[in-house]
Amino acid sequence: MKKIALLFCCTIFLVNCEEVVEIDLPTGTPKLVIEALFEVYFDEVPLTTNTIVKLRLSAGYFDETLPVVTNAVVTLENLSTNTIISFEDNDLDGNYLPTNAFIPEDDVVYELSVTYNNEVYKGKATRTKTPLFINVEQGTKTLFSGNETEVIVEFSDAALEDNFYLFDFSNNLYLSIEDRFFNGSDYNFSFFYQEDEVEIPSDVLIKMSGVSKDYYTYFRVLTNQSGQNGGGPFQTIPSSLLGNIVNTSHQDNFPLGYFNISETVTYTLSLTE
């Protein structure tokens, strides 16, 4: 009986000592997030582009979305001709589109300029080339669960230069690779969709973009920090990861995000059971 009474008293003591501890996570001053990832679909006829500048403000750790910025001035300058292209946010959704359609040219440096809260942010980029797909098809292999869906991608890498690629397999699934071990050769690899990442049957849009070495490094660090889920790597910015855009007015108030121009090829693949 003494043992039972002692155990009962200990149980009451432990229950009464439970306490909820609230921890305030530091948020800091919101920073401007600039996502200017231009895509040139050079394999299409007529040639088309995706040239959107997305402006957001950084948010707290547990916030699922970033506040949009709708009152900025956005321009792009062709530094070879000093031609200025204006961007406007007509829908007030933080997505700025060019007022006149244009196609980024080869071997031309473009300078992006964003003016927000009386501060000017600038970044430069040139169009990075990418090869065409040789083949894209659904495979039959699986991984550990046996329920994965394989996609086999093949392309020909350009020789005599270091190349870096970013693949978008839809549904916020990305893969970045470099040609260190297949420079100048035909290369193929397998990508596996997990069972909960894609519906079968369905069509998926697969993109391949050539990117610079700096953007390749930036993207790998960003995805390692933010992961592939919850809206993709650009949905939230978990830390102060510096890109290639600087604040020319106040250097310490640096922005987040990146300015990149890529040639991009696409392939729509019908996945079956």
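- By the 6.0 Å contact criterion, CD on Glu44 is enclosed, its count of non-hydrogen atoms from other residues, nucleotides or ligands being greater than 12.
- For Glu178 and Asn163, the side-chain atoms include no donor-acceptor pair closer than 3.5 Å.
- In this structure, Asp106 places its CG atom where more than 12 heavy-atom neighbours from other residues, nucleotides or ligands lie under 6.0 Å away.
- Inter-residue side-chain proximity for Val74 and Leu112 is flagged as met; some heavy-atom pair is nearer than 4.5 Å.
- Note on ring orientation: taking the six-membered ring where Trp is involved, the planes of Phe38 and Phe87 are parallel (angle under 30°, cut-offs 30° and 60°).
- Ring centroids of Phe259 and Tyr110 are separated by 6.0 Å or more, keeping the two rings apart.
- Applying the side chain to side chain contact (heavy atoms under 4.5 Å, CB included) test between Thr268 and each of Val204, Ile206, Leu205 identifies Leu205 as the sole match.
- Between Ser113 and Lys122, the shortest heavy-atom distance links the atoms OG-NZ, 3.4 Å.
- With rounding to the nearest 0.5 angstrom, the CG atom of Asn244 is 10.5 Å from the CG atom of Leu242.
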Notebook entry, point to check: Are Glu197 and Asn171 close enough, and set up right, to give a side-chain contact (heavy atoms from CB on, under 4.5 Å), and what steps lead you there?
Noted result: CA-CA 7 Å; Glu197 292 176 340; Asn171 303 330; 5.5 Å; no
Next item on the list: Please test Leu256 against Leu32 for side-chain contact (heavy atoms from CB on, under 4.5 Å), starting from the C-alpha separation and ending with a verdict.
Entry: CA-CA 6 Å; Leu256 306 177; Leu32 182 63; over 6 Å; no
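- Distance alone, capped at 3.5 Å, is enough to place a donor-acceptor pair between the Glu150 side chain and the Lys141 backbone.
- For the residue pair Glu119 / Asn247, a side-chain donor-acceptor distance below 3.5 Å is found, with atom types taken as modelled.
- Grouping the Ile, Leu, Val, Met, Phe, Trp and Tyr side chains by contacts below 4.5 angstrom, directly or via other members, places Tyr174 apart from Ile52.
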Notebook entry, point to check: Hey, mind stepping through Val151 and Leu271 against side-chain contact (heavy atoms from CB on, under 4.5 Å) and telling me if it holds?
Noted result: CA-CA 9 Å; Val151 172; Leu271 299 177; 4.1 Å; yes
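- Using a 4.5 Å heavy-atom threshold, the side chains of Ile34 and Val53 count as touching.
- Residues Asn183 and Ala159 approach most closely at OD1-CA, 3.5 Å, considering heavy atoms.
- Contact annotation: the side chain of Thr49 approaches that of Pro104 to within less than 4.5 Å [non-hydrogen atoms, C-beta and beyond].
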Notebook entry, point to check: Taking it one step at a time, do Lys213 and Asp162 satisfy side-chain contact (heavy atoms from CB on, under 4.5 Å)?
Noted result: CA-CA 8 Å; Lys213 180 179 181 180; Asp162 295 330; over 6 Å; no
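- Salt bridge present: Glu263 and Lys129 bring a charged side-chain N and a carboxylate O closer than 4.0 Å.
- Closest of all the heavy-atom pairs between Ser209 and Thr130 is C-OG1, 3.9 Å.
- Val33 and Val73 sit in two unconnected hydrophobic clusters of ILVMFWY residues. Membership requires side-chain heavy atoms under 4.5 Å apart, directly or through other members.
- Using a 3.5 Å distance cut-off with no hydrogens or angles, the side chains of Asp168 and Ser170 do not pair a donor with an acceptor.
- With rounding to the nearest 0.5 Å, the separation of CG in Asp186 from CG in Asp157 is 9.5 Å.
- By the 6.0 Å contact criterion, CD on Gln251 is open, its count of non-hydrogen atoms from other residues, nucleotides or ligands being 12 or less.
- When the side chains of ILVMFWY residues are joined at heavy-atom separations under 4.5 Å, either directly or via intervening members, Phe42 and Val108 end up in a single hydrophobic cluster.
- Ring orientation note: the planes of Phe189 and Phe167 are nearly perpendicular, at an angle over 60° on the 30°/60° scale.
- No more than 12 heavy atoms of other residues, nucleotides or ligands sit less than 6.0 Å from atom CG of Asp107.
- Pairing each heavy atom of Asn78 with each of Ser80, the nearest pair is OD1-N, 2.8 Å.
- Counting heavy atoms from C-beta on, the side chains of Phe133 and Thr266 never come closer than 4.5 Å.
- The CD atom of Gln138 sits 6.0 Å away from the OG1 atom of Thr149 when rounded to the nearest 0.5 Å.
- Under the 4.5 Å side-chain heavy-atom criterion for Ile, Leu, Val, Met, Phe, Trp and Tyr, Leu97 and Val114 are members of distinct hydrophobic clusters.
- Rounded to the nearest 0.5 Å, atoms CG (Leu66) and CG (Leu57) are 8.5 Å apart.
- A distance-only check finds a donor-acceptor pair linking the side chain of Tyr96 to the backbone of Ala72 [under 3.5 Å].
- Panel note: side chain Ser176, backbone Leu166; no donor-acceptor pair is recorded below 3.5 Å.
- Here the side chain of Asp93 pairs a donor or acceptor atom with the backbone of Asn95 at under 3.5 angstrom.
- Of all heavy-atom pairs between Asn82 and Glu77, the closest is ND2-OE2, 3.1 Å.
- Side chain to side chain, Thr83 and Thr81 meet the donor-acceptor criterion of an N or O pair below 3.5 Å.
- Atom CG of Leu79 and atom CG of Leu76 lie 8.5 Å apart (nearest 0.5 Å).
- Between the Glu148 side chain and the Leu143 main chain, a donor and an acceptor come within less than 3.5 Å of each other.
- Side-chain contact between Val136 and Phe155 is absent, with no heavy atoms from C-beta onward closer than 4.5 Å.
- In this structure, Phe102 and Thr51 have side chains that are in contact, with non-hydrogen atoms separated by less than 4.5 Å.
- Within the 6.0 Å centre-distance limit, the rings of Phe169 and Phe191 are counted as a close aromatic pair.
- Within a 6.0 Å radius of CD in Glu195, other residues, nucleotides and ligands contribute 12 heavy atoms or fewer.
- Residues Leu47 and Val40 have side chains in contact (heavy-atom distance under 4.5 Å, counting atoms from C-beta outward).
- Salt bridge status for Glu39 with Lys207: present, with a side-chain N to carboxylate O gap under 4.0 Å.
- Using a distance-only test at 3.5 Å, with no hydrogens or angles considered, a donor-acceptor pair links the side chain of Ser145 to the main chain of Asn147.
- By the criterion of side-chain heavy atoms lying less than 4.5 angstrom apart, applied directly or through intervening Ile, Leu, Val, Met, Phe, Trp or Tyr residues, Tyr258 is not grouped with Val109; the two fall into different hydrophobic clusters.
- The CZ atom of Phe219 lies 12.5 Å from the OG atom of Ser212; values are rounded to the nearest 0.5 Å.
- Tyr218 approaches Gly243 most closely through the heavy-atom pair CE1-CA, 3.8 Å.
- Residues Tyr187 and Val153 form no side-chain contact, since every pair of their non-hydrogen atoms from C-beta on lies 4.5 Å or further apart.
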